[in-house]
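Because the structure is a prediction, the values reported are computed rather than measured. First the proteins, then the strands, lettered A, B, ... as listed; each starts at 1.
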Number of protein chains: 2
Amino acid sequence: MPTRTGRPPKISRDAILAAAHRIVDTEGPDALTMRRVAREVGTTAMALYHHVRDKDDLLRLLLDDYAAGVPLPDPVSDDPAGRAVEAATAMRAALAPRPWIVDVLRADDLLARRALRFPEAIIDAFMTGGLDAEDAVDAYRIIWHYTAGEISARAAATRRRTDDRLTYREQVFTGLDPAELPRLAALGERWEELAGRDTYDKGLRALVHGLLR
Amino acid sequence: MPTRTGRPPKISRDAILAAAHRIVDTEGPDALTMRRVAREVGTTAMALYHHVRDKDDLLRLLLDDYAAGVPLPDPVSDDPAGRAVEAATAMRAALAPRPWIVDVLRADDLLARRALRFPEAIIDAFMTGGLDAEDAVDAYRIIWHYTAGEISARAAATRRRTDDRLTYREQVFTGLDPAELPRLAALGERWEELAGRDTYDKGLRALVHGLLR
DNA sequence: GCATCTTTTTATACGCGTATAGAAAGTAGC
DNA sequence: GCTACTTTCTATACGCGTATAAAAAGATGC
């Protein structure tokens with residue numbers, strides 16, 4: 001008997017998700033608060049908690065929806081290393097504009113249901129390259145850690161820059177003792193410029209090469 | 001004339017830092033709130049803001065103190081790759097038990113003043129290995145991204161595990177379609193076990209090898 | 001001694017995530 | 001029609017980081 005008992009719901013998880021998508025799209029991820037979502041669906045913040053476990057849960061659902069829409073391009077290279085690089089690059093390209101996703105997923109190695117194409121492709125590339133299953137999973141997780149670290153560093157740096165703190169790094173780098181820190185002292189003010197470079201691809205290739213060796 | 005005008009301070013930055021250290025040491029980083037620190041030094045939360053810019057600033061100062069006490073062991077290897085691996089491993093060992101540091105420093109490539117020994121040693125190893133200054137800085141930043149990503153993933157996973165969500169990953173991995181995701185479907189429940197492994201060293205060596213190639 | 005200026009401290013307030021308690025609105029058994 | 005039971009929603013509250021405004025407490029110039 002599938003009859004439902006209890007007070008009939010005024011809102012649904014889908015409605016919550018739709019509202020959340022609207023808010024993120026139009027006002028950015030910072031605007032996504034439980035109260036804001038509640039207002040959007042015409043209820044109170046606490047009512048949401050009967051449909052999602054907590055805000056993290058909501059973000060995970062949001063990401064899963066989002067991931068479903070991101071295509072994994074067909075591989076171009078035919079060597080395993082090239083395919084691993086391609087898949088990881090696609091994964092990073094999908095995530096980089098939405099660093100909040102990384103903050104949500106850090107713990108879970110990008111394990112959102114509808115994002116699994118990315119790990120699948122990377123693990124497959126490594127196994128094709130001769131690694132056994134365990135080593136391929138290790139390789140994937142290593143690449144994930146690198147990717148997550150790079151994206152969230154980049155996001156934090158951008159946030160910082162829009163704030164104020166151009167000065168903090170300069171502060172750290174002024175008046176270094178060349179006797180104690182010769183390399184850094186020699187770099188001096190160049191750090192600021194060098195630290196702005198996008199090194200993802202370089203690191204990724206080094207990683208893939210080293211892992212397939 | 002170094003005479004001070006204005007209302008004499010009741011508290012000092014040093015007192016705030018000392019209190020913060022006490023709190024983190026005895027109650028953990030989650031207990032470190034501005035109000036808690038204020039109570040510890042016998043004042044109100046807002047009074048702290050005349051001595052530190054914001055909570056992030058406080059955390060950075062805290063980290064700087066902490067970094068001063070962590071030794072960088074003398075190198076054992078004499079090849080550059082070995083020295084880079086040693087320095088990075090020491091850096092990670094210093095940070096891993098205190099993942100909150102990584103959250104604070106993500107944007108700044110571990111640029112706390114008194115932690116500069118670590119980048120110095122890593123950049124030096126790479127330059128000794130034949131890279132020019134720019135490539136060595138790139139190499140350091142790549143290693144930092146990897147290290148930061150690994151530490152914060154590990155920390156988030158641990159937090160997750162102490163919570164509840166043993167189930168989330170299982171959820172994602174049940175009922176995969178072997179036609180669509182053959183590699184992952186074949187792994188099945190083994191993921192949980194494989195994802196627990198510590199792959200830092202493996203990735204680090206791959207990275208260093210790839211970067212010095 | 002008193003007004004002025006500067007620095008620091010306090011008071012109050014906002015929106016955040018979410019814990020807790022209880023009210024509301026249905027179905028089911030009698 | 002009444003009571004029990006279940007589910008959902010609402011009200012209230014807590015501690016968080018911190019913005020803003022006002023008060024306090026000293027030095028300085030007259």
Side-chain angles (χ1 to χ4, degrees), chain A residues 1-17 19-20 23-24 27-63 100 103-104 106-107 156 159-160 162-165, chain B residues 1-17 19-20 23-24 27-63 100 103-104 106-107 156 159-160 162-165:
Chain A
M1 51 197 76
T3 42
R4 281 196 23 83
T5 164
R7 177 173 177 168
K10 221 172 72 172
I11 58 178
S12 68
R13 190 143 103 166
D14 283 354
I16 293 173
L17 277 172
I23 294 168
V24 171
E27 302 168 46
D30 288 350
L32 189 73
T33 72
M34 297 304 272
R35 287 172 168 86
R36 179 75 187 76
V37 172
R39 212 185 324 139
E40 188 82 9
V41 297
T43 182
T44 63
M46 290 313 295
L48 305 177
Y49 285 81
H50 269 264
H51 305 269
V52 298
R53 184 203 293 261
D54 54 22
K55 191 182 179 185
D56 249 43
D57 191 31
L58 171 58
L59 289 173
R60 256 191 307 270
L61 293 168
L62 215 54
L63 151 68
W100 57 269
D103 290 335
V104 177
R106 254 182 306 183
R159 222 173 300 139
R160 196 60 62 79
T162 51
D163 273 16
D164 47 340
R165 199 109 67 262
Chain B
M1 49 197 76
T3 43
R4 285 194 21 82
T5 163
R7 177 173 176 168
K10 222 172 73 172
I11 58 178
S12 68
R13 191 143 104 166
D14 283 355
I16 292 174
L17 277 172
I23 293 167
V24 171
E27 302 166 47
D30 288 350
L32 189 73
T33 71
M34 296 304 272
R35 287 171 167 86
R36 179 73 187 78
V37 172
R39 212 186 324 138
E40 188 82 9
V41 299
T43 181
T44 64
M46 290 314 294
L48 304 177
Y49 285 79
H50 269 263
H51 305 270
V52 298
R53 183 203 295 260
D54 54 21
K55 192 183 178 185
D56 249 41
D57 190 33
L58 172 59
L59 290 174
R60 256 190 307 270
L61 293 167
L62 214 55
L63 150 67
W100 57 270
D103 290 335
V104 176
R106 253 182 308 180
R159 224 173 298 139
R160 197 60 62 81
T162 52
D163 273 15
D164 45 340
R165 200 110 67 261

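- Summarising the geometry, the separation between CZ on B:Arg13 and P on C:dT7 is reported as 17 Å, rounded to the nearest angstrom.
- For A:Met46, the side-chain atoms get nearest to C:dA19 when compared with the rest of D:dT8, C:dG17, C:dA19.
- Look at CG on A:Asp30: it is 17 Å from C1' on C:dC14, rounded to the nearest Å.
- Distance CG (A:Leu48) to P (C:dC16): 12 Å, rounded to an integer number of Å.
- You'll find a donor-acceptor pair under 3.5 Å spanning the side chain of B:Thr5 and the base of D:dG26, going by distance alone.
- Annotation: A:Arg36, atom CZ; neighbour count of heavy atoms from other residues, nucleotides and ligands within 6.0 Å is above 12.
- The shortest non-hydrogen separation linking A:Glu40 to A:Ala19 is CG-CB, 3.5 Å.
- Considering only side-chain atoms of B:Pro8, the nucleotide from C:dT8, D:dT18, D:dA25 that sits closest is D:dA25.
- Atom-to-atom, NE2 of B:His50 to P of D:dA23 comes out at 16 Å; the value is rounded to the nearest Å.
- Within the structure, a side-chain polar atom (N or O) of A:Thr33 is placed less than 4.0 Å from OP1 or OP2 of C:dC16.
- Nucleotide D:dG17 holds its C1' atom 17 Å from the CH2 atom of B:Trp100, rounded to whole Å.
- Residue B:His51 places at least one side-chain N or O closer than 4.0 Å to OP1 or OP2 of C:dT9.
- Across all strands, B:Thr44 comes closer than 4.0 Å to base atoms (heavy-atom distances).
- Looking at heavy atoms from C-beta onward, A:Ile23 lies out of side-chain contact with A:Thr33 at the 4.5 angstrom threshold.
- Closest contact between the side chain of B:Arg7 and the listed nucleotides D:dC9, C:dT8, C:dG26 involves C:dT8.
- Across A:Leu62 and A:Ala20, no two heavy atoms sit closer than the pair CD1-CB, 3.6 Å.
- Projected onto DNA chain C by closest heavy-atom contact, B:Ser12 and B:Arg35 fall at different nucleotides, the more 5' of which corresponds to B:Ser12.
- Atom CZ of A:Arg39 and atom P of C:dG17 are 11 Å apart (whole Å).
- Set against C:dA24, D:dT18, C:dT18, the side chain of A:Ala45 has C:dT18 as its closest nucleotide.
- Taking atom NZ on B:Lys55 and atom C1' on C:dC16, their separation rounds to 14 Å, with Å as the unit.
- The distance from atom CZ of B:Arg35 to atom CZ of B:Arg39, rounded to the nearest 0.5 Å, is 10.5 Å.
- Protein atom CG of B:Leu58 is 14 Å distant from nucleotide atom P of D:dC16, rounded to whole Å.
- OP1 and OP2 of D:dA25 both lie 4.0 Å or more from every side-chain N or O belonging to B:Lys10.
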